[in-house]
There are 2 protein chains.
Amino acid sequence: MAPKSKATIADVARAAGVSTATAGRVLGGYGYTSEEKKEQVLKAAQNLGYRPNALARSLITGKTRTLGVVAGDIQNPFYASVLRGVSNVAEANGFGLLITNSDEAQPKEVHSVELLAQKQVDGLIVTPSDTRRARHLHSLRAMGVPLVLIDRAVAGLMVDRVATDNIAAAEQAVRHLIAAGHRRIGIVAELVDEERGGLDAFLARAVAGDPIESETLYPSWQRLLGYIRAHRIEGLPVDPRLTLRAGSYSALAAQAVVPQLITAPDAPTALFTTDGTMSEGTMRALVELKRSIPQDLSIICFDDLDWMSFHRPGITTVAQPRLAMGEAAARMLLERIRGEDYPPRTVLMPAELIERGSVARL
Amino acid sequence: MAPKSKATIADVARAAGVSTATAGRVLGGYGYTSEEKKEQVLKAAQNLGYRPNALARSLITGKTRTLGVVAGDIQNPFYASVLRGVSNVAEANGFGLLITNSDEAQPKEVHSVELLAQKQVDGLIVTPSDTRRARHLHSLRAMGVPLVLIDRAVAGLMVDRVATDNIAAAEQAVRHLIAAGHRRIGIVAELVDEERGGLDAFLARAVAGDPIESETLYPSWQRLLGYIRAHRIEGLPVDPRLTLRAGSYSALAAQAVVPQLITAPDAPTALFTTDGTMSEGTMRALVELKRSIPQDLSIICFDDLDWMSFHRPGITTVAQPRLAMGEAAARMLLERIRGEDYPPRTVLMPAELIERGSVARL
DNA sequence: AATGATGGCGAGAACGTTCTCACATATGAG
DNA sequence: CTCATATGTGAGAACGTTCTCGCCATCATT
């Protein structure tokens, strides 16, 4: 009836006239019990409004059936979708989800990981904010906590990982622009963390075709690399002045940096934005500057956001399978938690070019 | 150095040559300890890579420092923002966040609440999917689990609650349209759950000015009520044919239902959409029908989504303080968890009308 | 008839903390 | 000198489960 306060297994056992061991067996569904006692216990539990205490259970079993996720920012559509994917498979498997934001800052990330580890999550999904140093993640591995990385890799950290094939996707997008006759294509990218030698050196190496360790590059650098490859393949020169570095992961930063490029004498005829946030900032800037798409300027965005399909014109975009990425990551993590012992896997998901109306043929 | 496997307080105590009680005092920061032993313990903990087990701690203290949230769908910008707000204050207070999706279906919601309760969260934030029956929430209250409702109320459930002042907000939006000269204004609303007597009876009662228990109405019905009030105040008749019921909470449903209204002989000159999802569906339909905003049709949307500011034209909208709502809810919940004992509070947050370019003066 | 396997049950130990004691020792007031 | 008070410590009991035993039936097999 009225479940007053918390009833424990001992209360149920007393009410049913059995030992706590038997009540535990019935309620926990492990070991043998006779039909008779089973019914008694179940009835008593019902009457008392018994609800198992997952804490106590986890303490002894060592399993919490909870996944921890460190995302950049739940509010960002990219993470929101990924999280929904993770949530889908977690829920289907009876797992709970402990979620935190890192705001792409490592101190917060470290703190989050520590919190989740203390709460004894069975595994972690992280979008690491620093692809170089990640002591906290290494020590997690050393402790044997299953870990899956999303969107980015960490140098020297051999764990399961799922990401978009950024280089191929960006290359495809930019080649699409080139095929449409564009010769001067601007790229609006975050490029927040410094590559060795800086942007210029990176451009020089990439343009020269020097081998680049691309696995542990930040997504925005990988997409820049795809942009450069497209140029190389199509035999087009890369003008460093067309590489726009927002310098921070915010729409405002992108918005601030776009006008200088657009209003320059040798302005590009097309723009490629490297993620949803850059896309937003760029769109804001274009509205401000009253540039029409695609008459004044063509654009291809990375990551298909809801509004891109009903914007006028429709925005041609490279859609990454965000939901599926989250689902894949969660599935891989659950496999590890179940104890499966593959060597670390990297799942690179293909992105799909969705043609709409934002690219003009020249 | 290398934190091999899990070290317990007993391990640390042994290594430091003190009792577990003393080690616990140092590590847990409760009770007296001498500087000398403190240092020994801390050093031992450091060496062993000791990490407190929050499970064991929670089991005995009865507090998990974890908040549970049942949202409709993390992927939806409304919930994503609210969650970010909740996350902000949770994090600032050292609380973790256990998040689940209900997909606005009560069976899933019940299951979520049960899961979170078993995991012993200190309090719950829920957007109830049924405003009438909610046995699981009542029993939560009976068990003494702090609970805060967001966006919606539940009949007979007296708990803290934060929501937008939907009626006032909708009224303001629609009056804005009327002031611009519009006389036939369509409303695109979800209106998924049946009001007593159905939509027609509701309209009749509202138009007649009958008292309506508006507190426990679904948001979309409240916004419809605001729409009707605006008409009453401005002395305009309400044409039931202008009330578009999507019937389910999806952009597709809205998109499917808009064309019939727009292409009718006595089509409205303006549209009011009652939430972000309806707005999206409506925008899709308008693109399909090739209607220009605001030349062919004016529009005001409820809930300011990112793209509305850089869409051309800018979309005039009623912005609800989503982030602040989440923050307020979390703060109220934390107060309850701390044991503060006000009578149940209802916080109605004002929405702000943001004028952009989607409303034509007639 | 003796043996072993199997179902069913309870006592009590674990899990890793915090908390309640009891018991020191030191300090200061009367 | 005695008593109260504050500071420091350790033994051991909680918290609510699951798990390991050991015990006792029952039943089939030698």
Side-chain angles (χ1 to χ4, degrees), chain A residues 3 5-42 44-45 48-66 115 117-122 143-145, chain B residues 3 5-42 44-45 48-66 115 117-122 143-145:
Chain A
S5 66
K6 328 250 174 189
T8 74
I9 252 188
D11 298 330
V12 173
R14 205 173 307 119
V18 299
S19 70
T20 62
T22 300
R25 273 188 281 262
V26 174
L27 267 11
Y30 54 92
Y32 301 109
T33 34
S34 65
E35 270 311 310
E36 190 196 349
K37 306 247 172 184
K38 195 173 209 160
E39 275 178 36
Q40 291 174 34
V41 170
L42 252 25
L48 295 174
Y50 169 74
R51 171 149 43 211
N53 183 328
L55 250 43
R57 176 175 299 178
S58 294
L59 184 56
I60 193 162
T61 62
K63 264 89 189 56
T64 52
R65 294 192 79 79
T66 304
L115 179 80
Q118 288 191 6
K119 292 197 188 294
Q120 310 293 122
V121 293
D122 290 339
M143 296 261 198
V145 181
Chain B
S5 66
K6 330 248 172 191
T8 74
I9 251 187
D11 298 330
V12 174
R14 206 172 309 121
V18 299
S19 68
T20 63
T22 300
R25 273 187 282 261
V26 174
L27 267 10
Y30 52 92
Y32 301 109
T33 34
S34 64
E35 270 310 313
E36 191 197 350
K37 305 246 172 187
K38 196 172 209 162
E39 274 177 38
Q40 291 173 36
V41 170
L42 252 23
L48 295 174
Y50 170 75
R51 169 148 49 209
N53 183 327
L55 251 40
R57 176 175 299 177
S58 293
L59 184 58
I60 193 161
T61 60
K63 265 87 189 57
T64 52
R65 294 193 82 79
T66 304
L115 179 80
Q118 289 191 6
K119 291 197 188 292
Q120 311 294 120
V121 293
D122 289 339
M143 296 260 196
V145 181

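Here is how names work: the chains are called A, B, and so on, in the same order as the sequence lines, proteins then strands, and each is numbered from 1.
Going from atom CD of B:Q120 over to atom P of C:dT17 covers 19 Å, rounded to whole Å. The distance from atom NZ of A:K37 to atom P of C:dG7 is 18 Å, rounded to the nearest whole Å. If you measure from atom CZ of B:R65 to atom C1' of C:dT18, you get 15 Å, rounded to the nearest angstrom. For the pair A:L55 CG and C:dT17 C1', the computed distance is 11 Å after rounding to whole Å. Between A:K38 atom NZ and C:dC9 atom P there is a gap of 11 Å when expressed in whole angstrom units. Atoms NZ (B:K63) and P (D:dG16) sit 13 Å apart, rounded to a whole Å. The separation between B:I9 atom CD1 and D:dT9 atom P is 15 Å, rounded to whole Å.
Of the inter-residue distances, the one linking A:R57 atom CZ with A:R65 atom CZ reads 9.5 Å to the nearest 0.5 angstrom. Atom CG in A:L27 sits 5.0 Å away from atom CD1 in A:I9 (nearest 0.5 Å). A distance of 11.0 Å separates CD1 in A:I60 from CG in B:L59, rounded to the nearest 0.5 Å.
The end-to-end axis angle of the helix from C:dA1-D:dT30 to C:dG30-D:dC1, rounded to 10 degrees and based on five pairs per end, is 50°.
Residue B:T61 places its side chain closer to C:dT18 than to any other of C:dT18, C:dC9, D:dG10. In the set C:dG10, D:dT17, D:dG8, D:dG8 carries the atom at the smallest distance from any side-chain atom of B:S34. Closest approach to the B:S19 side chain among C:dG12, C:dC15, D:dA11 is made by D:dA11 (side chain taken as heavy atoms from C-beta onward). Considering only the side chain of A:I60, D:dT17 comes nearest among C:dG16, D:dT17, D:dT9.
Annotation: proximity of residues 24-33 of chain A to DNA chain D (heavy atom, distance under 4.0 Å) is found for A:G24, A:Y30, numbered in ascending order.
Residue-to-nucleotide proximity on DNA chain C shows that, of B:R57 and A:E35, the 5′-proximal contact is made by A:E35. When the nearest nucleotides of DNA chain C are assigned to B:L59 and B:A21 by heavy-atom distance, the more 5′-ward of the two goes with B:L59.
For the pair B:T66/B:D122, no side-chain contact is recorded, criterion being any heavy-atom separation below 4.5 Å from C-beta on. Considering only heavy atoms from C-beta on, B:T8 stays 4.5 Å or farther from B:N53 through its side chain. No side-chain heavy atom of B:K63 sits under 4.5 Å from any side-chain heavy atom of B:Q120.
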